[in-house]
Q: 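Next up is a structure, given as structure tokens.
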Amino acid sequence: MGDLKLYNTRTRTLETFRPLTPGDVRIYVCGLTPSAQAHLGHARSFLFFDLLRRYLTYRGYRLTYVQNVTDIDDRSINRARETGEDWYTIVSDYYAEFKASMRKLGVMEPDEEPYATKFISQIQAMIRELADLGYAYVVEDGIYYRVSKFSNYGKLSNRNIEELEAGARIEVGEHKEDPLDFALWKFAKPGEPKWPFDPYGDGRPGWHIECSAMSHALLDPKGEGFDIHGGGADLIFPHHENEIAQSEPLMAHPPMSNFWVHGGLLNFEGRKMSKSLGNFEPLVDLLARHDPQAIRLTFLTTGYSKVMNFTDDSLAGAYATLDKLKRAYRRMHPGGVVVPVHNIAGGLPARVADLLDEDMNTAAALAEVLAFIKDAPAGALAEFETALWLLGIEPNESWLVEDVTPLPEDVVDRLRGELGGEISFNGATAEEAIDLVIQRRASARAAKDWAASDRLRDALARCGIAIKDSKEGTTWSVAE
RNA sequence: GGCGACGUAGCCAAGUGGUAAGGCAGGGCUCUGCAAAAGCCCCAUCCGGCAGUUCGAAUCUGCCCGUCGCCUCCA
């Protein structure tokens, strides 16, 4: 097995991945702030880290994958004020919806899913330490982080303090020393959710500190760093920059994370997508209309770190690819039982792995799979399934069924309307009625009465039934 | 203004020094009464432009043009 090379934002180079502790990989990925509905851009990001998990697992590492939930933030509080709902109900509902979508997409459950509000004491401990060392100071609206105290500030995102100072400004109501400083703790205004924090004052954590506190608590209690910190590219600044600023002064051995891996953002039909612009379709709605496996395949064709433009065309292409995979699967499948994924060392999975070694080149890996199925023998099913698993596509029972489109309910009535004069459909089920027509057409064909044959086929077509003739006989399916 | 990404066939896209993956669309063939499906085959003398480095460049360097993102909440 070759080396896995990953692009590391921290060093801005492609590096060979080696775990800090041989055999064990600790990953922290910034999860959702569920104060609005999740969209396809979120899906792309978490789908990528799901792929990375699969591949690291395939390579034999033991993983600890932590994906946090920032369940307290200004937006959910504002939304609660607008709607009159309880802020926590809002957050819980959005998060439940997100989880359901992830399940539909086949994203594996995180090992740990820490909620910010469950780690208040750890957050407060960290703020105390930062204050003791002079990295934090208290003013009337909250506790802020003193950016000027941390000399490495800006290193991850490749920015320098002077330029940042030039563009930054202090919002009304903020009382910080410097425009770049950010809140570690916000004192509660009347009616806002709050947690006690002696001696400073009741309030809630600022955005950023929860990730520093929870990654420390769950992945790196000794302060010696963990392996991979991930998230969308939009988190590099300021979120990840701030996490580093909070964590590293308290660590025995920085850096906070050895690798920083960022997923490219997603455009939707050529336009930027974001919560604040509101120009996105909620993920649940998209999943209601589309096959989750087709959505996964769509993402495989573009490099994970690139900006990707999601379009109806790209999704249509993925559907065609998915059908191709299903046909090959049926061709290779010995019977009606779905064979579980095996751990195959050689063959296709190894070739796919070699391609994933190159900074998770899923596009090339998919191409390899498609080349494989062109002349794959029936016995290659385990290889095929393993390779598909690596790409996050898991065959299920429905792959064995050629057409799962449900029959229109009124098929028999419509057939009676078309052909009731010549064929009696009394008591027939939809399937039986269709078979009756096909039998009638078979007789016509046997008699070389092509006019009658075509008339029957056209009648079926008007009822939404498409038929095709093959050496094995005539089969039908529900027309698209 | 600062930082960064990208520009490869009609469309999407891989490839980052050794002579252009793959998918969609399109075309042809096989099969077929017809149709559909399926299978097979074809489809970029060339990688935004111009210079340069090199035996050799889509791949490296410089300049130019274009698209987009981040710099404020964001996966």
Side-chain angles (χ1 to χ4, degrees), chain A residues 9 12 14 29-33 35-36 38-49 67 70 73-75 78 98 154 157-160 162-164 166-169 171 179 182 207 230-239 241 262-267 270-277 280 283 297-298 300-303 305-324 327 331 355 358-359 361-371 374-375 402-403 444-445 448-451 453-454 457-458 461 466-471 474-477 479:
Chain A
T9 308
R12 282 184 285 283
L14 200 61
V29 169
C30 286
L32 203 71
T33 300
S35 50
H39 55 64
L40 233 207
H42 295 112
R44 184 191 184 197
S45 187
F46 297 116
L47 245 12
F48 167 68
F49 287 106
Q67 186 177 300
T70 302
D73 79 318
D74 290 355
R75 280 177 307 175
N78 291 337
F98 168 75
S157 56
N158 195 27
R159 281 153 217 251
N160 66 61
E162 298 75 65
E163 280 159 4
L164 287 170
R169 63 195 187 88
E171 299 286 327
F182 54 91
W207 184 43
D234 51 348
L235 294 181
I236 297 172
F237 188 89
H239 184 55
E241 197 71 71
H262 292 98
L265 299 188
L266 185 77
N267 288 166
R271 294 200 56 198
K272 184 203 160 174
M273 167 195 275
S274 80
K275 284 181 186 174
S276 60
L277 292 182
F280 63 90
L283 185 55
L297 275 171
T298 308
L300 294 181
T301 60
T302 302
S305 62
K306 282 193 175 179
V307 174
M308 177 182 181
N309 187 24
F310 191 90
T311 65
D312 278 344
D313 279 354
S314 56
L315 189 56
Y319 270 109
T321 301
L322 183 58
D323 279 339
K324 206 172 275 196
R327 277 197 301 276
R331 201 168 60 237
L355 294 163
E358 303 303 318
D359 202 24
N361 189 341
T362 52
L366 217 212
E368 185 69 30
V369 171
L370 290 169
K374 276 194 169 185
D375 48 16
E402 200 160 336
D403 186 353
R445 294 180 74 210
K448 296 199 187 301
D449 182 355
W450 309 127
S453 167
D454 291 347
R457 179 172 60 203
D458 292 345
I467 60 176
K468 57 184 177 186
D469 302 321
S470 71
K471 290 188 194 73
T474 299
T475 58
W476 60 269
S477 59

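Here is how names work: the chains are called A, B, and so on, in the same order as the sequence lines, proteins then strands, and each is numbered from 1.
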Q: Any strand counts, and the cut-off is 3.5 Å on both contacts for Watson-Crick or G-U wobble. Which nucleotide pairs with G1(B)?
A: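 Answer to the pairing question: C71(B), which forms a Watson-Crick or G-U pair with G1(B).
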Q: Consider the side chain of N361(A), meaning its heavy atoms from C-beta on, and name the nucleotide among C68(B), G15(B), A13(B) that approaches it most closely.
A: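 Among C68(B), G15(B), A13(B), the one nearest the side chain of N361(A) is G15(B).
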Q: Quote, to the nearest angstrom, the C1' distance that separates G10(B) from A57(B).
A: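 Straight-line distance between the two C1' atoms is 27 Å.
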Q: Measure the distance from CG on L297(A) to C1' on G22(B) and round it to the nearest whole Å.
A: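 Those two atoms, CG and C1', are 13 Å apart.
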Q: G33(B), A35(B), A14(B): which one has an atom nearest the side-chain heavy atoms of R457(A)?
A: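 Side chain of R457(A) sits closest to A35(B).
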Q: F310(A): what forms a ring pair (Phe, Tyr, Trp, His ring centres under 6.0 Å) with it, not counting sequence neighbours?
A: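 Ring pair (Phe, Tyr, Trp, His ring centres under 6.0 Å) list for F310(A), sorted by chain: F268(A), F299(A).
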Q: Using the C1' atom on both, measure A37(B) against U30(B) and round to a whole Å.
A: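 Straight-line distance between the two C1' atoms is 13 Å.
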Q: Expressed in whole Å, how much space separates the P atoms belonging to U19(B) and A13(B)?
A: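 It comes out at 25 Å once rounded to the nearest Å.
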Q: Without decimals, in angstroms, what is the distance between L355(A) CG and G15(B) C1'?
A: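 Spelled out: CG on L355(A) to C1' on G15(B) is 11 Å.
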Q: Which listed nucleotide (C41(B), G22(B), G33(B)) is nearest to the side chain of K374(A)?
A: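 In terms of side-chain proximity for K374(A), the closest of C41(B), G22(B), G33(B) is C41(B).
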Q: Between A75(B) and A20(B), how many Å separate the two C1' atoms, rounded to a whole number?
A: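 Going atom to atom, C1' in each nucleotide, I get 34 Å.
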Q: Rounded off to whole Å, could you give me the CG-to-C1' distance for the D323(A) and G39(B) pair?
A: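 Going from D323(A) (CG) to G39(B) (C1'), I get 16 Å.
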Q: Does the structure show a Watson-Crick or G-U wobble partner for C34(B), both distances under 3.5 Å? Name it, or say none.
A: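 C34(B) is paired with nothing.
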Q: Mind checking what makes salt bridge (charged side-chain N to carboxylate O under 4.0 Å, His left out) contact with R44(A), not counting sequence neighbours?
A: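 By the salt bridge (charged side-chain N to carboxylate O under 4.0 Å, His left out) rule, R44(A) matches no residue at all.
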Q: Which of the following nucleotides, G22(B), A75(B), A13(B), is nearest to the side chain of H42(A)?
A: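 Looking only at side-chain atoms, H42(A) lies closest to A75(B).
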Q: Take atom P in C68(B) and the same atom in C12(B), then report the distance between them in whole Å.
A: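 To the nearest whole Å, 14 Å.
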Q: It should be established whether N158(A) places a side-chain nitrogen or oxygen under 4.0 Å from OP1 or OP2 of nucleotide G4(B).
A: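 N158(A) to G4(B) OP1/OP2: side-chain N or O found under 4.0 Å.
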Q: Which nucleotide in the set G23(B), A75(B), C71(B) lies at the smallest distance from any side-chain heavy atom of R159(A)?
A: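 So the nucleotide nearest the side chain must be C71(B).
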Q: With both distances under 3.5 angstrom, what nucleotide forms a Watson-Crick or G-U wobble pair with A44(B)?
A: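 Pairing partner, where one exists within any strand: none, as none qualifies.
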Q: Without decimals, in angstroms, what is the distance between H239(A) NE2 and C71(B) P?
A: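 One finds 14 Å between P of C71(B) and NE2 of H239(A), rounded.
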Q: Between A371(A) and E358(A), which has a closest nucleotide on RNA chain B that is more 5'?
A: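 This one resolves to E358(A).
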Q: Report the residues that fulfil side-chain contact (heavy atoms from CB on, under 4.5 Å) with K324(A), sequence neighbours left out, ordered by chain and then residue number.
A: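 In terms of side-chain contact (heavy atoms from CB on, under 4.5 Å), with neighbours along the sequence ignored, K324(A) is linked to R327(A), L370(A), I373(A).
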Q: Of the nucleotides C71(B), A14(B), G23(B), which has the atom closest to the A364(A) side chain?
A: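 Ranking C71(B), A14(B), G23(B) by closest atom to the A364(A) side chain puts A14(B) first.
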Q: Between U53(B) and U67(B), how many Å separate the two C1' atoms, rounded to a whole number?
A: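 Their C1' atoms lie roughly 29 Å apart.
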Q: With the side chain of S45(A) defined as its heavy atoms from C-beta on, choose the nearest nucleotide among A75(B), G4(B), C41(B).
A: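 Within the option list, the nearest is A75(B).
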Q: State whether the side chain of S45(A) and the backbone N or O of G41(A) hold a donor-acceptor pair below 3.5 Å, judged by distance alone.
A: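 No, S45(A) side chain to G41(A) backbone: no donor-acceptor pair under 3.5 Å.
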Q: Sequence neighbours left out, what passes ring pair (Phe, Tyr, Trp, His ring centres under 6.0 Å) with F182(A)? Give chain and number order.
A: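 Checked F182(A) against ring pair (Phe, Tyr, Trp, His ring centres under 6.0 Å); matches are Y145(A), H208(A).
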Q: What is the base-pairing partner of C50(B), counting Watson-Crick and G-U wobble geometry with both distances under 3.5 Å?
A: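 C50(B) is paired, partner G62(B).
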Q: Consider the side chain of L164(A), meaning its heavy atoms from C-beta on, and name the nucleotide among C71(B), A13(B), G33(B) that approaches it most closely.
A: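 Comparing C71(B), A13(B), G33(B) against the side chain of L164(A), the answer is C71(B).
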Q: Take the protein atom CZ of R331(A) and the nucleotide atom C1' of C40(B), then report the distance between them rounded to whole Å.
A: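 Those two atoms, CZ and C1', are 13 Å apart.
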Q: Given S35(A), which of D74(A), N78(A), D73(A) fulfils the side-chain contact (heavy atoms from CB on, under 4.5 Å) condition?
A: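 When D74(A), N78(A), D73(A) are each tested with S35(A), the side-chain contact (heavy atoms from CB on, under 4.5 Å) holds only for D73(A).
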Q: Sticking with atom C1', work out how far A9(B) lies from G4(B), rounded to a whole angstrom.
A: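 Straight-line distance between the two C1' atoms is 28 Å.
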Q: Measure CD/E241(A) against C1'/U72(B) and give the value in whole Å, please.
A: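 My rounded result for the distance is 16 Å.
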Q: Quick one: look up who G18(B) pairs with, Watson-Crick or G-U, both distances under 3.5 Å, and put none if it's unpaired.
A: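 Check on G18(B): paired to C55(B), both distances under 3.5 Å.
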Q: Kindly indicate whether the side chain of F46(A), heavy atoms from C-beta on, has any atom under 4.5 Å from the side chain of V29(A).
A: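 Result yes, sub-4.5 Å side-chain heavy-atom pair found.
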Q: For L266(A) and C68(B), what is the distance between atoms CG and C1' respectively, to the nearest whole Å?
A: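 Interatomic distance, CG of L266(A) to C1' of C68(B): 13 Å.
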Q: Would you mind telling me which of C41(B), A14(B), G69(B) lies closest to the side-chain atoms of L265(A)?
A: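 Nearest to the side chain of L265(A) among the choices is G69(B).
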Q: So what does S305(A) touch, heavy atoms closer than 4.0 Å: a base, only the sugar-phosphate, or nothing?
A: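 The residue S305(A) makes no contact with any strand.
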Q: If you round to the nearest 0.5 Å, how far is CZ of F48(A) from NE2 of H262(A)?
A: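 If we round to the nearest 0.5 Å, H262(A):NE2 and F48(A):CZ are 11.5 Å apart.
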Q: Could you check which residues of residues 306-321 of chain A get a heavy atom under 4.0 Å from RNA chain B? Sort them by number, please.
A: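 Contacting residues: K306(A), G317(A), A320(A), T321(A).
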Q: Considering only A75(B), G33(B), G22(B), which nucleotide approaches the side chain of F46(A) most closely?
A: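 For F46(A), the side-chain atoms sit closest to A75(B).
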Q: L300(A) and side-chain contact (heavy atoms from CB on, under 4.5 Å): which partner among N361(A), T321(A), L47(A), T362(A)?
A: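 The side-chain contact (heavy atoms from CB on, under 4.5 Å) with L300(A) is passed solely by T362(A) among N361(A), T321(A), L47(A), T362(A).
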Q: So, under a plain 3.5 Å distance rule, would you say the side chain of T301(A) forms a donor-acceptor pair with the base of G22(B)?
A: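 Answer no: no donor N or O sits under 3.5 Å from an acceptor.
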Q: Using the P atom in both, what is the distance from C47(B) to G7(B), to the nearest Å?
A: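 Going atom to atom, P in each nucleotide, I get 14 Å.
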Q: With a 4.5 Å heavy-atom cut-off, do L355(A) and E368(A) have their side chains touching?
A: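 Yes, their side chains come closer than 4.5 Å.
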Q: RNA chain B: E163(A) or K324(A), which has the more 5' nearest nucleotide?
A: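 The residue closer to the strand's 5' end, by nearest nucleotide, is E163(A).
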Q: Among residues 230-238 of chain A, which contact RNA chain B at a heavy-atom distance under 4.0 Å?
A: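 Here the set is G231(A), G232(A), D234(A), L235(A), F237(A).
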Q: In whole Å, what is the span from the CG atom of D359(A) to the P atom of A13(B)?
A: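 Nearest whole value for this atom pair: 17 Å.
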Q: Nearest 0.5 Å, please: how far is CG in L366(A) from OG1 in T301(A)?
A: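 Answer rounded to 0.5 Å: 7.5 Å.
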Q: Would a 4.5 Å heavy-atom cut-off, applied to side chains only, mark L266(A) and H39(A) as touching?
A: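 The answer is no, as the side chains (C-beta and beyond) never meet within the 4.5 Å cut-off.
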